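The next block holds one structure in the form of C-alpha cells; read it before the comments.
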Protein chains: 2
Amino acid sequence: MPATQKTPTIQDVARIAGVSTATVSRVLSAPDIVRARTRERVHDAIETIGFTPNIAAQSLRRRKVRTVLVALPNIGNSFFGPIVDAIERTCVERDYDVLIVNRRPESEDDSSLLTYFSSNRADGLLLFDGNAAQSNWTARVGNRELLFPTVNVCECIEGAGLPTVLSDNEGGVEIAIDHLVTKGHRRIGRVAGPVENVLNRQRGAGYSRALKRHGIEARGLWSVSGPFGFQTGREAADRFVELNDRPTAVFCDADEIAIGFISGLRSRGVSCPDDVSVIGFDDIPFAAQTSPPLTTIRQRHKELGRLSAELLMDMLDGRMKEVASHVVLPCELVERQTVRPISED
Amino acid sequence: MPATQKTPTIQDVARIAGVSTATVSRVLSAPDIVRARTRERVHDAIETIGFTPNIAAQSLRRRKVRTVLVALPNIGNSFFGPIVDAIERTCVERDYDVLIVNRRPESEDDSSLLTYFSSNRADGLLLFDGNAAQSNWTARVGNRELLFPTVNVCECIEGAGLPTVLSDNEGGVEIAIDHLVTKGHRRIGRVAGPVENVLNRQRGAGYSRALKRHGIEARGLWSVSGPFGFQTGREAADRFVELNDRPTAVFCDADEIAIGFISGLRSRGVSCPDDVSVIGFDDIPFAAQTSPPLTTIRQRHKELGRLSAELLMDMLDGRMKEVASHVVLPCELVERQTVRPISED
DNA sequence: ATGATGGCTGTAAACGATTACACAGCTTGA
DNA sequence: TCAAGCTGTGTAATCGTTTACAGCCATCAT
C-alpha cells in the first residue's frame with residue numbers, strides 16, 4: 001500500500017512536464033502565451049498526476065479569493081430560497097464561491113461581517129439587510145477606512161449610496177391596492193412587516209399613496225405590523241376577529257404573513273375569500289399551492305438574485321465603473337383566488 | 001487624503017509591539033505561552049492598527065481552511081431551510097465557514113465536489129445526496145485515492161460506510177400508515193419521491209411493511225412517484241381523480257408533494273379531508289399553515305443539521321476516532337387536519 | 001555581420017501566516 | 001562556580017502560487 005501521498009503541486013507538474021513552475025502557472029492562467037507543444041506537455045502532466053491549484057496559495061498571492069459573501073437575515077425564510085438559488089447559479093458560472101452567513105440580530109454589530117474582508121475570506125458582499133449598518137457601512141477598522149464591494153439586495157440602506165438591486169416595492173403595493181379597489185373594496189387593512197424595516201417604509205408609502213389616490217382614508221386600527229413570518233399573520237388574525245368594524249380586504253407585506261393570516265382566520269372560523277379578501281407580496285413558491293391559492297404581487301426572485309450577483313462580480317472583476325447602480329425591478333400582480341369582488345351597496 | 005493603505009499584517013503588529021512575528025502569532029494561537037506583559041503589548045498593537053489574520057495565508061500554512069462544504073440537491077426546496085440554518089449556526093459557533101453548492105443534476109459527476117478538497121477550499125463535506133457517488137465516493141483523482149471527511153445527511157449512500165445522520169425513514173412511514181389504519185383506513189395510496197432515490201426505497205420499505213403488518217395488500221395503481229416538489233403532487237392528483245376505484249387515504253413522501261397533491265385535488269373539486277385523507281412527511285414550516293393544516297411525520301430538522309455539522313467538525317478537529325457513526329433520529333406523528341376517521345362499513 | 005525585434009521560458013521574489021529550532025537569561029542545586 | 005532546567009522570545013524555513021524581470025534563440029532588416 002502506498003503511503004499517503006501529498007497532494008501534487010505546481011512544482012510536481014513542472015518537474016514532470018520538464019518546464020518551470022512559471023510556465024505551468026501560465027498554462028493555467030494565460031494559455032495563449034505559451035507554445036502549443038509546451039502547453040500540451042503541461043496539460044498531460046496535470047492530467048497524469050491529477051493536479052488542482054491550491055486555492056489558499058492562489059488567494060494569498062493574488063489577494064483575491066473569488067468568493068462572494070451572502071448575508072441573509074434568515075436563511076430559513078422561504079422567500080430567500082429562489083434568490084439564493086439564482087445567486088449560487090450565477091456565481092458558479094463565473095467560478096465564484098458562495099459563502100453564506102445568517103445575520104442573526106443577536107450578533108452584535110456589523111463588524112463581524114467586516115472581518116470577512118479584512119481576513120480575506122470574501123471579496124464582495126451581497127447584503128440583504130436595510131437596517132444593517134445604516135450607521136456607516138463603509139466602515140472603519142482600527143484607524144483605516146475599509147470599504148469593500150457591496151451590493152444591497154431587496155432592501156436598500158437609504159442614503160448609503162450603495163449599488164442596489166431591488167423590487168419596486170412602492171409600486172408593487174400600489175398595484176395590489178389598485179387591484180383590491182378594482183374589485184370593489186374600499187375598506188382595506190394592512191399587515192405590515194417590522195416597523196424598523198426599510199421595506200415597511202417603502203411598502204407603507206405605496207399603501208398610503210394608493211389609498212389617497214382613491215380617496216380612501218387609512219384607519220389606524222386596520223394596520224398592524226410584526227416580523228416577517230407566519231406568526232405575525234396569525235396574531236393579526238386574532239386582532240382581526242375582534243374588530244367590530246372590519247375591513248373587507250387586507251394587504252399583507254409578505255406572503256408568509258398572508259398565509260399565517262389566512263390560516264389564523266380559518267382556525268377562528270373566518271373564511272378567505274368568503275369573509276375577507278387577502279393579497280400578499282412576494283409570490284413565494286408556496287403561494288400557488290395554498291388553499292385557496294394566494295393572490296399576490298410577484299417579485300422577480302431569479303432576476304433579483306442573478307442581477308445582484310452579476311453586478312457584484314462585475315465590480316470585483318473590474319468590469320465596470322464603480323458608479324453605484326441602482327436597479328429596480330417591476331412587480332406584477334398574480335391573480336389567484338384569495339380576492340373576491342365585492343358588490344357595492 | 002491618505003493613500004490607500006495596505007491592510008496590516010502580522011509584521012506590522014510585530015513592529016509596533018516591538019516583538020517578532022512569531023510572538024504575535026503565538027499570542028493569537030497559544031496565548032498562555034507568552035508572558036502577560038508581552039501579550040498585552042501585542043494586543044494593544046493589534047487593536048490600534050486593526051489587524052485581522054489573513055485567512056489565505058493561514059490556510060496555506062496550516063493546510064486547513066476551517067470551511068465546511070454543504071452540497072444540497074436543491075437550495076430552493078424549503079425542506080432544507082431549517083437544516084441549513086442549524087448547520088450554519090453550529091458551524092459559526094466553532095468558527096467554521098459554510099460553503100454552499102447546489103448539486104444540480106446537469107453537473108456531470110461528483111468530481112466537481114472533489115475539487116473543493118483538492119483545491120483546499122473546504123475541509124469536509126456535508127452531503128445531502130444518497131444517489132450521488134453511489135459509485136465510489138472515496139474517489140480517485142488522477143492516480144491518487146483521495147478521501148475526505150464526509151458525512152451523509154438525510155440521505156445515506158448505502159454501503160459506502162460513511163458517517164451518517166438521518167431520520168428513521170422506514171419507521172416514520174410506519175407511524176404514518178399506522179395512524180391511517182387507526183383512523184379506519186385500509187385503502188391507502190402513496191405518492192413517492194423519485195424512484196432512483198434512497199429515500200424512496202427506505203420509505204417504500206416502511207410502507208410495504210406496515211401494510212403487510214396490517215394485512216393490507218398494496219395496489220400498484222395507487223402508487224406513483226416523481227421528484228420532490230409540488231408538481232409531483234399535482235400530477236398525482238390528476239391521476240387520482242381518474243381512478244374509478246380510489247383509496248381513502250394517501251401517504252405522500254414529502255410535505256411539498258402532499259401540499260401539491262391537496263392543491264391539485266382541490267382545483268379539481270376533490271376535497272381533503274372530506275373526500276380523501278392525506279398525510280405528509282417532513283413537517284416543513286408550511287405544513288402547519290396550509291388549509292387545512294397538514295397532518296405529517298416530523299423530522300427533527302434542527303437536530304439533523306446540528307448533529308451532522310458537529311460530527312463533521314469533530315472529525316475535522318480530530319476529536320474523534322474516525323469510526324463511522326451512524327445516527328438515526330426518530331420521527332414523530334404531528335396530527336393536524338388532513339386525516340379524517342373513516343367509518344367501517 | 002550587426003542590431004533590433006519578438007516569442008517563449010526560466011529565476012527568484014513576493015504574498016502573510018506558522019513553527020521547528022536555537023538561544024538568552026534566570027533560577028536552582030551541587 | 002558551573003551544569004542543568006525553565007521561560008520566553010527571535011530567526012528563518014516553509015506552505016503553493018503568481019509575476020516582474022531577465023535571458024535565450026530565431027528571424028529579419030540593414
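Protein chains get the first letters and strands the later ones, always in sequence-line order, with residue 1 at the start of each. Everything numeric in this text was worked out from a predicted model, so none of it was measured.
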(message) Rounding to an integer number of Å, can you tell me how far B/Arg61 CZ sits from C/dA17 P?
(response) 13 Å
(request) Provide, to the nearest angstrom, the distance between the CG atom belonging to A/Asn120 and the C1' atom belonging to C/dA17. (result) 12 Å
(request) State, with a plain yes or no, whether a side-chain heavy atom of B/Asp44 is found less than 4.5 Å away from one of B/Arg41. (result) no
(message) Considering only residues two or more places apart or on different chains, which pairs with a residue in residues 12-35 of chain A satisfy side-chain hydrogen bond (donor to acceptor under 3.5 Å, both in side chains)?
(response) A/Asp12-A/Arg15, A/Ser20-A/Thr23
(request) Please work out if A/Ser25 contacts a base, only the sugar-phosphate, or nothing of the nucleic acid, heavy-atom cut-off 4.0 Å. (result) base
(message) Strictly below 4.0 Å, N to O, side chains only: are B/Glu93 and B/Arg89 in salt-bridge contact?
(response) no
(request) State which residues pass ring-ring contact (aromatic ring centres under 6.0 Å, His included) with A/Tyr96; sequence neighbours excluded, sorted by chain then number. (result) none
(message) Does anything in residues 63-87 of chain B form a ring-ring contact (aromatic ring centres under 6.0 Å, His included)? List the pairs, not counting sequence neighbours.
(response) B/Phe79-B/His301, B/Phe80-B/Phe128
(message) Can you confirm whether the side chains of B/Asn102 and B/Asn74 place a donor and an acceptor under 3.5 Å from each other?
(response) no
(request) Could you tell me whether A/Arg94 and A/Asp317 have a side-chain N and a carboxylate O separated by less than 4.0 Å? (result) yes
(message) In the structure I gave you, are the side-chain heavy atoms of B/Val151 and B/Thr164 within less than 4.5 Å of one another anywhere?
(response) no
(request) Examine C/dT18: is either OP1 or OP2 under 4.0 Å from a nitrogen or oxygen in the side chain of B/Gln58? Give yes or no. (result) yes
(request) Please report how far the helix from C/dA1-D/dT30 to C/dA30-D/dT1 bends, comparing the axis fitted to its first five pairs with the axis fitted to its last five, to the nearest 10 degrees. (result) 60°
(message) Using a 4.0 Å heavy-atom cut-off to protein, can you give one letter per nucleotide of nucleotides 4-12 of chain C, 5' to 3': B if the base is in contact, S if only the sugar-phosphate is, - if neither?
(response) ----SBBBB
(request) State whether B/Arg63 places a side-chain N or O below 4.0 Å from either non-bridging phosphate oxygen (OP1 or OP2) of C/dT18. (result) no
(message) From CZ of B/Arg62 over to P of C/dG16, roughly how many Å is that when rounded to an integer?
(response) 17 Å
(request) Kindly indicate whether the side chain of B/Cys91, heavy atoms from C-beta on, has any atom under 4.5 Å from the side chain of B/Asp97. (result) no
(message) Can you measure B/Ile49 atom CD1 to C/dG16 atom P for me and round it to whole angstrom units?
(response) 12 Å
(request) Compare all side-chain heavy atoms of B/Val165 with those of B/Leu311 and state whether any distance is below 4.5 angstrom. (result) yes
(request) Would you kindly give the CD1-to-P distance between B/Ile10 and C/dG16, to the nearest whole Å? (result) 11 Å
(request) Name the first nucleotide and the last nucleotide along DNA chain D (5' to 3') that come under 4.0 Å of a heavy atom in chain B. (result) D/dG8 to D/dG16
(request) Among A/Ile100, A/Ile75, A/Leu126, find the one that has a side-chain contact (heavy atoms from CB on, under 4.5 Å) with A/Val84. (result) A/Ile100
